[in-house]
Number of protein chains: 2
Amino acid sequence: MDRKVSTRSAARAETERAILSAAEAVFAEHGYRGATTGMIAERAGIPKANLHYYFATKEALYRQVVENIFMIWLDAANSFDDCEDPEEALTHYITTKMDISRQHPMGSKVWANEILHRAPVIQDYLETTLREWTATRIAIIERWVSEGRMDPVDPRTLLYMIWSTTQHYADFIHQIETLNDGKPLSDDQFAVARDNVVRIILSGVGIRARAASSVKAGAAR
Amino acid sequence: MDRKVSTRSAARAETERAILSAAEAVFAEHGYRGATTGMIAERAGIPKANLHYYFATKEALYRQVVENIFMIWLDAANSFDDCEDPEEALTHYITTKMDISRQHPMGSKVWANEILHRAPVIQDYLETTLREWTATRIAIIERWVSEGRMDPVDPRTLLYMIWSTTQHYADFIHQIETLNDGKPLSDDQFAVARDNVVRIILSGVGIRARAASSVKAGAAR
DNA sequence: ATGAAACCTGACCAAACGGTCAAATTGAGC
DNA sequence: GCTCAATTTGACCGTTTGGTCAGGTTTCAT
């Protein structure tokens, strides 16, 4: 049973992937209500009825998309713990979040839409996983402060600043591109933004950065 | 003609105001597609058909709402120029933007929705007014840098950081409240956030703040 | 080969939506 | 009090949308 990966289940997995990918793009661009199952099906290259064979309702499909996005976010979030040193940890975390905004803008947009509309689908995640994650990281930041390794800042304010600033490069990319003469940010421009964000925040909380771009040459190449 | 403010025109103005107010709330909470003219009419306390007497189409009503929001934003933006000193100017600007997020969260949400969906209605504003405003303020920041009054930072990155961080307290207020045990931010909590945002950003760009809360006791009372 | 289960799809349906309209009501000017 | 334009409203309409369904096709174990 197990040894044979049938053509069937492979095809099924591929169709599901195509639907979820199309759904993420359409939900990101049009929001939950603005997206139609017809648009998603067309983008996935299947008839609408077939989409409903794989996902019973629009809401079930949406929920799956949002859950996938949350898992990606959670992976990135755990990069916060990769280092004990506040400079390295924050640099790594901010860099990772910036790169996610660059490479996964649609996921960030879906998330933003969901929060804007009072999180009708993912409220339970906010109240469990996100709340726990935040509490432990607040404790870490408070410890750094009490150890004198950074200025005394409100940990929540710092986290929100990191989230908002990094996600801005996904959620508001249209505004950024319009202010960039309508052109997408080049890799160099994005690298400048990323390095500046890291530098301003680190300096803002009283951490003197040693050298630029010491951590992770990054996705700019 | 002029001396008599008829009951009629007063009632008309009042009805228009009620519709626009209801529309702002509903568009903020549900997005353009998620909002229905029926919901807006109900919230404004009038039948749907009457709403269409005042605003011919849903899109015309939406456009009016967005234009009003843009005007408020523009007023706040000009507070950037109130001072020549970078510390005062940035403090004043950030404080003003934070207070707007606190007092006008729905407007910010409508704006965020619009940008998320690639600004189908206000693209012309982005390409004219916003582009010009940004260009002149970039020049001011560059001058401050060249005069050695602040660290050399990319002006765009700084502006985007200010916008995203301050607007986060409107657009993502639901997430913030969830992480605040489901309770709204108290005036004190908000004041802490506002002061921390100012302090981190100013320190982040190499401006040493003199004393806390020297500028504008603020809307916290 | 064959039967059964999984998969696919064109046609269809009920609900919701933006918008219209004709008829009723109101109120300012005479 | 009368007139007429402005305003209000319930009923209605065409379109779009999420979802269903019956029937067809493919795959696979035997």
Side-chain angles (χ1 to χ4, degrees), chain A residues 1-27 29-66 110 113 117 120-121, chain B residues 1-27 29-66 110 113 117 120-121:
Chain A
M1 303 279 178
D2 266 353
R3 63 190 144 80
K4 177 180 285 185
V5 176
S6 70
T7 311
R8 203 128 201 188
S9 70
R12 180 178 188 93
E14 169 56 22
T15 304
E16 269 182 11
R17 197 208 51 76
I19 293 174
L20 285 168
S21 171
E24 181 177 316
V26 174
F27 281 132
E29 185 126 2
H30 302 278
Y32 179 75
R33 290 289 294 266
T36 71
T37 54
M39 292 165 67
I40 296 171
E42 188 185 17
R43 185 160 182 142
I46 58 173
K48 190 181 65 165
N50 197 14
L51 183 148
H52 278 93
Y53 176 74
Y54 282 89
F55 296 90
T57 67
K58 181 185 179 182
E59 187 179 330
L61 173 57
Y62 179 72
R63 179 169 243 115
Q64 186 65 56
V65 169
V66 172
V110 172
N113 251 306
H117 299 7
V121 166
Chain B
M1 303 280 176
D2 265 352
R3 62 191 146 82
K4 176 180 287 185
V5 177
S6 70
T7 313
R8 205 121 198 198
S9 70
R12 180 178 188 94
E14 170 56 23
T15 304
E16 268 181 12
R17 197 206 52 76
I19 293 174
L20 286 168
S21 171
E24 182 178 314
V26 175
F27 282 132
E29 186 127 1
H30 302 277
Y32 180 74
R33 289 290 294 266
T36 72
T37 54
M39 292 165 67
I40 297 170
E42 187 184 18
R43 185 159 183 143
I46 59 172
K48 190 181 65 165
N50 198 13
L51 183 148
H52 278 93
Y53 176 73
Y54 282 89
F55 296 90
T57 67
K58 182 184 180 183
E59 186 179 332
L61 173 56
Y62 178 71
R63 181 169 242 115
Q64 186 66 58
V65 168
V66 172
V110 173
N113 252 305
H117 299 16
V121 166

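A note on names: the letters A, B, ... follow the listed sequences, proteins ahead of strands, and every chain is numbered from 1. Any value given below was found using the heavy atoms of this structure, including those in side chains, with hydrogens, waters and symmetry copies removed.
Every residue two or more places apart in sequence or in another chain that forms a side-chain contact (heavy atoms from CB on, under 4.5 Å) with Glu29(A) is listed here: Arg118(B). Tyr54(B) pairs by the side-chain contact (heavy atoms from CB on, under 4.5 Å) definition with Arg12(B), Thr15(B), Glu16(B), Ile19(B), Asn50(B), not counting sequence neighbours.
Relative orientation of the Tyr32(A) and Phe27(A) rings is parallel, given thresholds of 30° and 60° on the angle between their planes.
Thr36(A) has no side-chain polar atom (N or O) that falls below the 4.0 Å cut-off from OP1 or OP2 of dT17(D). Put simply, Arg33(A) has no side-chain N or O that comes within less than 4.0 Å of OP1 or OP2 on dA16(C). Distances shorter than 4.0 Å separate none of the side-chain N or O atoms of Arg12(A) from OP1 or OP2 on dA6(C).
Mapping Thr15(B) and Met39(A) onto DNA chain D via the closest heavy atom, the residue that lands nearer the 5' end is Thr15(B).
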Donor-acceptor pairs under 3.5 angstrom involving side-chain atoms of residues 33-44 of chain B: please list them, not counting sequence neighbours.
from: Thr36(B); atom 1: OG1; to: Met39(B); atom 2: N; distance (Å): 3.0

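Among pairs with a residue in residues 18-27 of chain B, none fulfils salt bridge (charged side-chain N to carboxylate O under 4.0 Å, His left out), at least two apart in sequence or across chains. For residues 48-62 of chain B, every residue pair satisfying the salt bridge (charged side-chain N to carboxylate O under 4.0 Å, His left out) rule, not counting sequence neighbours, is listed here: Glu59(B)-Arg63(B).
Taking atom CD on Glu14(A) and atom C1' on dC8(C), their separation rounds to 16 Å, with Å as the unit. Computed from coordinates, the Glu42(A) CD to dT17(D) P distance equals 12 Å when rounded to whole Å. Glu16(A) places its CD atom 11 Å from the P atom of dC8(C), with the value rounded to the nearest Å. Here the P atom of nucleotide dG10(C) and the CD1 atom of Ile46(A) are 12 Å apart, to the nearest Å.
Taking a 4.0 Å limit (strictly below) on heavy-atom distances, residues 47-60 of chain A reaches DNA chain C at Pro47(A), Ala49(A), Asn50(A), Tyr53(A), Tyr54(A).
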